[in-house]
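For reference, the structure discussed in these notes is given below.
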Amino acid sequence: MRLSHSFGKTLREAPAEAELVSHQLLIRANYIRPVGAGMYTFMPFGYRVIRKIWRILAEEMDAIDGQEMWMPNLNPAALWQATGRWNSVDVLFKLKGNGNREYALSATHEEVVVDLALREIESYRDLPRMVYHISKKFRDEPRPRGGLMRLREFIMKDAYTLDRSEAALDEYYPSMIQAYFNVFNRCGVPTVAINADVGAMGGKTSQEFTVPHPQGEDVFIACDNCGYAANVEAAEFVREGERPATLAALTKVETPDCKTIADVAAFIGVPTSQTIKAVFYWWRPRYVETPGEGQLVFALVRGDLAINDTKLVNALGGGFVRAATEDEIRAVGAVPGYASGVGLTPAQGLQSPGVMVMADTSIEYGGNYVVGANEEPYHYTGANYGRDFAVSKLADIAQADTGHKCPVCGGRIEAKRAIEVGHCFKLGTRYSAAVNATYLDENGQPQLIYMGSYGIGLDRLMAVVVELHNDKDGIIWPDSVAPYQVHLVHIGKEGDGTKARAEALYERLLAAGVEVLYDDRDGLGAGVKFKDADLIGIPWRVTVSARSLEQGGVEVKRRSASERQNLTEDQLLGLLKG
RNA sequence: CGGGGCAUGGCGCAGCUUGGUAGCGCGCUUCAAUGGGGUUGAAGAGGUCGUGGGUUCGAGUCCCGCUGCCCCGACCA
């Protein structure tokens with residue numbers, strides 16, 4: 001490619017709104033251009049990087065018996081209604097065609113795949129199968145951000161496995177995990193696989209592939225001692241503390257202006273771990289909030305811990321929660337700031353009368369608590385679980401954090417930020433059951449197909465590569481995903497004969513099958529061309545100039561290194577081919 | 001959805017406090033010089049100041065509405 005013919009150009013300054021390094025560099029170096037919030041055009045260089053990642057993905061998927069196909073991005077509403085996700089996936093883009101026909105833009109492709117499986121898979125002889133495709137996904141994200149990090153329209157490799165049984169899926173699963181590590185390693189992105197919440201995907205378990213990064217959106221828990229790693233939405237930890245030997249009497253004390261745990265603990269003179277925090281949520285079964293649907297959920301956790309919403313939802317068996325309003329709280333007889341389970345009658349379940357009181361198991365690891373009196377401005381001291389208040393359900397709903405005890409080895413865990421670049425889900429029969437996708441086993445009996453789904457966002461992966469591979473001058477692409485292998489730079493003035501030599505080398509490299517970006521622009525100083533080369537970040541820089549010719553040929557420099565060496569053209573070809 | 005910020009030429013910004021018909025750097029065009037780290041000089045092109053309304057003799061500037069974009073949070077397959 002001749003730079004003199006390339007579409008678009010590099011920018012000296014990035015747009016002010018670009019904050020992430022990858023965002024700034026990808027725009028400055030002419031890889032991407034913004035179109036709207038969460039929408040980007042991949043310029044020619046950028047698209048070449050996407051194609052490189054594409055090829056790596058295809059190779060790794062093919063290596064584990066994957067078959068690449070291509071599914072539509074426009075889906076009939078019926079497909080999504082059949083699995084129940086038409087109304088439960090909040091980020092689903094919905095649109096209407098002529099008349100009343102409704103469609104969804106593909107947010108993912110479980111629906112299409114399970115519908116295909118329903119039609120194509122008849123016998124156990126048709127299993128197992130693995131199909132994948134690389135195409136656009138559309139999600140109405142409330143807040144796109146970070147350039148390519150979170151988009152409304154993005155490119156995803158999504159693979160789907162169809163198996164006879166859970167055991168068969170379990171057997172295959174590790175090869176997919178390995179393929180994922182291969183993909184990320186080949187792209188120069190070392191990842192950590194962590195246990196994660198399955199979220200709206202449904203299913204049993206999932207592994208998230210993340211890259212530790214200070215500006216990542218995910219928080220995960222890691223144990224340096226044993227290697228335990230999990231997303232905070234799923235991370236477990238050991239509750240520490242003991243029940244006191246003697247239980248104090250329940251005593252009401254006046255606590256003026258004590259609306260937070262810290263206030264109360266300081267006022268009474270106890271550690272926060274000797275208090276119980278009460279948090280109110282409004283739970284509803286579907287994302288869409290309908291008046292009259294849903295109910296208040298009262299969540300309790302020991303005062304030194306915090307509640308994790310996702311864990312709470314899982315403990316409730318699904319649905320959605322938001323913070324309850326003050327009116328909703330008062331309606332059940334609790335007082336915001338002075339609330340506790342004392343005096344409340346816990347419901348047996350979501351459908352039963354009474355107040356749903358969810359408590360973290362941590363309240364069992366302590367006692368003689370300071371809790372709200374449900375009366376302003378009073379708290380109780382000496383409150384004990386079981387004697388003074390009851391709960392609907394004890395569950396693991398507290399968020400693990402730095403300093404807590406590892407559930408595996410008892411070591412100290414740490415909370416870290418990370419970017420999620422891939423996710424593997426064991427879906428089980430979540431989708432096949434919804435549409436009754438079955439096969440006939442050896443006995444002629446219909447059995448549900450076991451599914452798995454496995455995604456990698458190409459755009460986000462590209463951004464992460466840049467986050468990990470750059471310096472003050474620009475991008476430093478790993479060879480595997482670089483848009484070109486060689487950045488050929490010509491420096492010289494008209495009539496000095498250098499241009500002809502550069503042109504000849506360009507033709508020779510092309511003939512040898514080398515991917516070359518050739519800076520053939522006339523009249524530019526060496527500084528401009530070198531700055532652009534550094535910004536664009538192609539692995540090899542090859543310079544043809546009067547100086548290089550005097551020294552016998554071409555000057556060769558790795559983008560990642562500072563040394564330069566002079567080689568003959570033959571040596572250069574040998575280097576690139578070797 | 002809650003909080004904050006921004007919107008002036010392709011990009012980065014000034015002008016707004018105190019209303020008087022828009023300016024700087026980069027980039028772009030032309031010419032000349034330079035020719036190994038965003039080089040230099042000269043001459044140019046390019047903006048109904050996001051949008052709708054209001055106040056005013058007069059609005060980029062003041063007031064109200066809307067839209068878009070960015071950041072934090074919520075949310076997030």
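As the structure is a computational prediction, the values presented were derived from the model and not from experiment. Protein chains get the first letters and strands the later ones, always in sequence-line order, with residue 1 at the start of each.
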inquiry  = What does the B/S/- profile of nucleotides 30-37 of chain B look like, 5' to 3', with a 4.0 Å heavy-atom cutoff to protein?
reply    = -----BBB
key: Distance test, side-chain N/O of A:Arg143 to OP1/OP2 of B:C72, below 4.0 Å   = yes
query = Counting any heavy atom closer than 4.0 Å, what does A:Lys9 reach on the DNA or RNA strands: base, sugar-phosphate only, or nothing?
reply = sugar-phosphate
ask   = So what does A:Pro15 touch, heavy atoms closer than 4.0 Å: a base, only the sugar-phosphate, or nothing?
value = sugar-phosphate
message = Please enumerate all residues that pass side chain to side chain donor-acceptor pair (under 3.5 Å) together with A:Thr210, with sequence neighbours excluded.
response = none
task = Check every strand shown and say whether A:Gly147 touches a base, only sugar-phosphate, or nothing at a heavy-atom separation below 4.0 Å.
result = nothing
hbond_proxy A:Glu13 side chain to B:G25 base (donor-acceptor, 3.5 Å cutoff) = yes
message = Suppose we call two aromatic rings close when their centres sit under 6.0 Å apart. Are A:Tyr31 and A:Trp477 close by that rule?
response = yes
query = For A:Glu208, what residues pass the salt bridge (charged side-chain N to carboxylate O under 4.0 Å, His left out) criterion, not counting sequence neighbours?
reply = none
message = Categorize A:Asp496 for me: base, sugar-phosphate, or nothing, with a 4.0 angstrom heavy-atom threshold over every strand shown.
response = nothing
Counterpart base for B:C13, defined by Watson-Crick or G-U wobble contacts under 3.5 Å = B:G23
query = Going by atom types only, do A:Tyr518 and A:Glu503 share a side-chain donor-acceptor pair under 3.5 Å?
reply = yes
ask   = So do A:Met69 and A:Leu116 actually touch side chain to side chain, heavy atoms under 4.5 Å?
value = yes
query = Is A:Arg12 near enough to B:G27 that one of its side-chain N or O atoms lies under 4.0 angstrom from OP1 or OP2?
reply = yes
request  = Just name whichever nucleotide pairs with B:C76, Watson-Crick or G-U, keeping both distances under 3.5 Å, else none.
outcome  = none
Between B:G2 and B:G60 - P atom distance, rounded Å = 32 Å
ask   = Just how far, in rounded Å, is P of B:G73 from CD of A:Gln215?
value = 11 Å
message = Categorize A:Ala37 for me: base, sugar-phosphate, or nothing, with a 4.0 angstrom heavy-atom threshold over every strand shown.
response = sugar-phosphate
A:Arg501 CZ: over 12 foreign heavy atoms closer than 6.0 Å = no
